[in-house]
Amino acid sequence: MAARGHVQDPNDRRLRPIYDYLDNGNNKMAIQQADKLLKKHKDLHCAKVLKAIGLQRTGKQDEAFSLAQEVATLEPTDDNSLQALTILYREMHHPELVTKLYEAAVKKVPLSEEYHSHLFMAYARVGEYKKMQQAGMALYKIVPKNPYYFWSVMSLVMQAISAQDEKLAQTMFLPLAERMVEKMVKEEKIEAEAEVQLYFMILERLGKCVEALDVVRGPLGEKLTSELRSRENKCMMMYQRLQLWPECNALSYKLLLKNPDDWQFYLSYFDSLFHLMDKSWSQPEEGEHCVEGPVQTTVAEAVKFVVDRMEEQDKKESRPLRGPYLACLELIHRLRQRGCPDEKELGDPLELMVQFFGKFGDKPCCITDLKIYLHLLPPEQRSQFKKRLGELVPLGEAGEDGFGFPGDTKALQRHLCVCQLSRALGLQHALDTEGKLRLITELKAHYHHGLQFGKSCLKTELQFSDMYCLMAAHVYVDLWTETGDENMLWQCLGVLEEGLSFSPSNAQFKLLLLLLFCRLGAFQPVVDLYSSLDAKHVQHDTIGYLLTRYAGSLGQFAAASQSCNFSLRFFHSNQKDTSEYIIQAYKYGAFEKIPEFIAFRTRLNQSLHFAQVRTERMLLDLYTEADVTLSLEESVKAMGVCPEEDDIPWDNMRDNRDLTVLVSWDPKDRELTEEHRRLSLEEESVWLKVRSLTLRLLASLALLGHAPSPRNSDKTNENGISAKSSTLQTLLSQLDQTLETAAQITEKQTQYPFLGPPSSRLASALSSGSCHCQASGGRWRERDMLSRCKGEVLEMKDGRLTTRPSLLETLVFFVETVCVVLWVASYSASVLRPLKSSLQKKKKKKKDSSSAMPVVLCGFQEWTGSLQGVVTQALDHVKGQEASLTALKLAALTLEEGYSQTQEECGFTRAAMDKVQSSYLGSLQELGDLLRKRADSLKSLKI
């Protein structure tokens, strides 16, 4: 709560119990205590606000807001009331009201540094940059401190960044900010590093790179001390921007002599060298080469420089550095790209890599270092390379199974690195089925042997041999995808479950298990796995897709809702949290971070994942709750969905998914490509468009109203929707166009790498007939859809377990379609009821009982009767599936035969099978429950 300990107020003692109750979460007692205090002291404004906080936290928002406004209209100036109102408005998500509070306070107490400061921060929360600039200068005039002056300058910079007109930014805001800083420079008032950083930022944004370079190299640059080599990095940035390649080369050379392990400077050294060669730059005959020192302009000089750095490391008695050895491989790579014969002077890439492995093979980074240079090896050298590396791995004598094992963790890491490189070279993929099964046996043997080195590890630590287990799982996945043998998948799950039992914190085990269970259509175990990953902050955006892609599609609606909440909580708190980061950046002078925080907030607001989760969550709520607990109209209004407005930023959509979160040692030809990324984003965007239009169509249908005038009843089209509803017609037209685009995308049948992005629901939605059924409303092919759901989701044949998760996904689409068609029928009934009643009145007047029922009414009754029959069939199908799943005895499965599994391993495999069986059963039960609710709604649908 507020920093009340410092406020010398006689009422502070009276207020303290209320603060304590609120701090401890006892909101009801806080309200009671505030009421008692207000009976004695009616004018104690702070007590009213604290009561309002208690009311807000107990869900009485309207009452809390009116109480707060009572106090706010009095324009209080006591610190307790202002701080309490600030807390309340922030909890209510009304930060703009805080600005009004402090504007009034500043008018009443114009010389208060504290209130002016709070006003500035209140403006910062709502992004009022113009007012921030004015507040900063007002504060500086009262208390002439540098930070306040530079708050105002930074606010000008933010006006430039947020300006719609780039010309305005470049001609007004930034030049004004530059002049303000220059004034302080001339008066020699620059005190802090943050002020120099801000000056550099302004010059950089103005494109004044020469002036920025002068600032960094001049006396002001001496203040840049908080980061290691801050001056050098900024100089390098400006040299590259100005294309001053001699200076860039000389500075890189100089810095690499000091620190030969700094990789970024090797890259700038090579870049500048080849730029100079391309421009045929020659050294001046007299004087220095450039301000930074000698320049190197030939390949021979670069080769000598790199070789000298390697020789230095070879002579060292202490631990060698990796940089020079990797620089040698990088230079070979670049020379080979340019077709330059000088690469031979650096040596044979195979020998260099073997040398690197000899020095660093016992480090986990060895595989990631060498993997990017494996293309330097010709295909015929790959087996030889593996053999040469194997000679450098100290293994014990081979036992009965023919495998030798390492004696310590360093030898284990070397052997593991050889296995990883072997996979990256494609040698594992080239093996036949028997070879791969033998490889799995070897990897599992090494995994079990390596567990002895981690007996003292804590639960939060990884076992030294975990990667053997993960690689064995990858080989099982290879066998499954190549042969279609589902036993491989079950054993893969068993291996990963076993690995997780020894290493409960291994995120890679959990991620791969999560992916495999989802591919099998088993969502139940996945939610716990994702929770145990303990994803933090932005990870909900980057890896949340692994969970939410399958959330709504597998029939586990309660778990799906929970999964969407994981991500939505983060996105909803992002706006508030980012404002706090910006305020802290102002307070501590981290000005260069402020634009980064703004860009971060924008990136999250434009996230593809955010739009997907928000849309899916609302659809999920409608399918499970609308016309069950609330009517469709009430549900749509509660969500605030407006059919006319599309709030998804289609043109600025950001794909923030981390598609390489799962560790992969696959060769380059099997890795995720940029084309895969592009196609995945296109596919996901079209599916999001389909879902978004479906949601808006449902909202439009709900808001058409349930009691149209009788004269419009006979003008209904075949969907039972008023032809006058232009919004509905527009949305239907857009949906038809989107479905045409979707059909074109699915025709491509894009196959992504197994460890890459999961394919969207687009293909299965189109093949199930769901989208076209929903788009056509009344003209639905319900029996066709139901026939596609027929079959056993899980069955046992010849002692083997096989799954058909696509049936489950098709069944979910069927249930969704039932919901949509039911709402269309409900609206149609509301349109037809007045027509029927008017016809009955006419009959009574004419006393003519023989006249036939109009075709539209007969057709509607036939249609709802047919729909009821299909829903009944679907319920019978679901019951049958539940019965067969319950009767399935997994104990009868034969697991050991031919696959060399120990009894313990079989136990883990059976546990995985049980989870899948249980998940399928849970999905069918939830789908059955929802179908029963819809069947009940259908029975009550009469005209």
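All values below were derived from every heavy atom in this structure, side-chain atoms included, with hydrogens, water molecules and symmetry-related copies excluded. Please read these numbers as outputs of a predicted model, since none were measured by experiment. By convention here, the first residue in the shown sequence is residue 1.
The backbone N or O of Lys915 sits nowhere less than 3.5 Å from a side-chain atom of Ser919 that would complete a donor-acceptor pair. Listed for the Glu926 side chain is a donor-acceptor partner under 3.5 Å among the backbone atoms of Phe557. For Tyr530 (side chain) and Lys510 (main-chain N/O), no donor-acceptor pair under 3.5 Å exists by modelled atom type. Not a single donor-acceptor pair under 3.5 Å links the side chain of Asp485 to the backbone N or O of Leu479. Of the possible donor and acceptor atoms, none in the side chain of Ser692 sits under 3.5 Å from a partner among the backbone N and O of Leu688. The closest donor-acceptor contact from the side chain of Ser685 to the backbone of Leu681 lies under 3.5 Å. Looking at Glu616, its side chain never comes within 3.5 Å of a backbone N or O of Ala551 through a donor-acceptor pair. Side chain of His877 to backbone of Cys789: a donor-acceptor contact under 3.5 angstrom is found. Counting only distance, with no hydrogens or angles, the side chain of Lys689 and the backbone of Thr738 share no donor-acceptor pair below 3.5 Å. Looking only at distances, no side-chain donor or acceptor of Ser561 sits under 3.5 Å from a matching main-chain atom of Ala558.
In this structure, Thr872 and Gln868 approach most closely via the heavy-atom pair OG1-O, 2.8 Å. Across every non-hydrogen atom of Ala912 and Leu493, the tightest pair is CB-CB, 3.7 Å. Annotation for Gly791 and Gln881: closest pair O-NE2, 2.8 Å, computed over non-hydrogen atoms. Listed here is the closest heavy atom pair of Cys564 and Val613: O-CG1, 3.5 Å. When all heavy atoms are compared, the tightest approach of Ser607 to Asn656 is CB-ND2, 3.5 Å. Between Ala765 and Trp687, the shortest heavy-atom contact is CB-CZ3, 3.5 Å.
Side-chain contact between Trp480 and Gln491: absent, with no pair of heavy atoms (C-beta onward) separated by less than 4.5 Å. Counting only heavy atoms from C-beta outward, the side chains of Val820 and Leu697 never approach each other to under 4.5 Å. Thr694 has its side chain out of reach of Glu816: every pair of non-hydrogen atoms, C-beta onward, lies at least 4.5 Å apart. The closest side-chain heavy-atom distance from Pro753 to Glu671 is not below 4.5 Å. Counting only heavy atoms from C-beta outward, the side chains of Arg804 and Thr810 never approach each other to under 4.5 Å. Contact check for Leu698 versus Val636: no side-chain heavy atoms found under the 4.5 Å cut-off. Residues Thr750 and Ser759 fail the side-chain proximity criterion, which asks for heavy atoms closer than 4.5 Å. Phe813 has its side chain within reach of Arg761: a pair of non-hydrogen atoms, C-beta onward, lies under 4.5 Å apart.
Here the CZ atom belonging to Arg657 is positioned 9.5 Å from the CG atom belonging to Leu546, to the nearest 0.5 angstrom. Rounding to the nearest 0.5 Å places CG of Leu938 at 4.5 Å from CG of Leu867. The structure places OG1 of Thr481 at 10.5 Å from CD of Gln751, a figure rounded to the nearest 0.5 Å. Once rounded to the nearest 0.5 Å, the distance linking CG of Asn574 with NE2 of His540 reads 12.5 Å. Note that OH of Tyr920 and CG of Leu554 are 8.5 Å apart. Values are rounded to the nearest 0.5 Å. In this structure, CG on Leu520 lies 4.5 Å from CG on Leu489, to the nearest 0.5 angstrom.
In this structure, the ring-ring contact (aromatic ring centres under 6.0 Å, His included) partners of His474, at least two apart in sequence or on a different chain, are Trp665. Considering only residues two or more places apart in sequence or on other chains, Tyr623 meets the ring-ring contact (aromatic ring centres under 6.0 Å, His included) condition with none of them. Annotation: ring-ring contact (aromatic ring centres under 6.0 Å, His included) contacts of Phe610 (sequence neighbours excluded): Phe571. Scored by the side-chain contact (heavy atoms from CB on, under 4.5 Å) test, Ser573 finds Asp577 as partners (sequence neighbours excluded).
Thr817 and Ser770 share a donor-acceptor pair across their side chains, judged by distance under 3.5 Å alone. For the 3.5 Å distance criterion, the side chains of Ser635 and Glu625 fail to qualify, holding no donor opposite an acceptor. In summary, the side chains of Thr803 and Glu486 do present a donor paired with an acceptor at a separation below 3.5 Å, with no hydrogens or angles considered. Between Asn565 and Arg617, the side chains place a donor N or O and an acceptor N or O closer than 3.5 Å (distance only, hydrogens not considered).
Residue Glu645 qualifies as open at atom CD: its count of foreign heavy atoms under 6.0 Å is 12 or below. Atom NZ of Lys790 sits in a crowded spot, with more than 12 heavy atoms from other residues, nucleotides or ligands closer than 6.0 Å.
Pairs of residues two or more places apart, or lying in two chains, that qualify as salt bridge (Lys or Arg N to Asp or Glu O under 4.0 Å) and include a residue from residues 530-550 are Asp534-Lys536, Arg549-Glu809. The list of salt bridge (Lys or Arg N to Asp or Glu O under 4.0 Å) pairs with a residue in residues 733-760, not counting sequence neighbours, reads Glu682-Lys748.
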- [ ] Evaluate side chain to side chain contact (heavy atoms under 4.5 Å, CB included) for Leu701 paired with Trp823, printing each intermediate quantity in order.
- [x] CA-CA 8 Å; Leu701 181 67; Trp823 291 323; 4.0 Å; yes

Next item on the list: Walk me through it: do Phe814 and Leu927 pass the test side chain to side chain contact (heavy atoms under 4.5 Å, CB included)?
Entry: CA-CA 10 Å; Phe814 172 82; Leu927 285 165; over 6 Å; no

Check step by step if salt bridge (Lys or Arg N to Asp or Glu O under 4.0 Å) holds for Lys637 and Glu633. CA-CA 6 Å; Lys637 283 182 178 174; Glu633 186 180 11; 3.4 Å; yes

Is there a side chain to side chain contact (heavy atoms under 4.5 Å, CB included) between Leu755 and Val663? Walk through the geometry before answering. CA-CA 8 Å; Leu755 299 176; Val663 164; over 6 Å; no

Quick one: do Tyr827 and Ser830 satisfy side chain to side chain contact (heavy atoms under 4.5 Å, CB included)? Show the steps, please. CA-CA 5 Å; Tyr827 176 73; Ser830 70; 3.8 Å; yes

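Comment: Asp929 engages Arg932 in a salt bridge, judged by a side-chain N to carboxylate O separation of less than 4.0 angstrom. The pair Glu882-Lys879 does not meet the salt-bridge criterion, since no charged nitrogen lies less than 4.0 angstrom from a carboxylate oxygen.
For the pair Arg519 and Phe754, the distance from NZ or CZ to the six-membered ring centre is under 6.0 Å and the angle to the ring normal is within 45 degrees.
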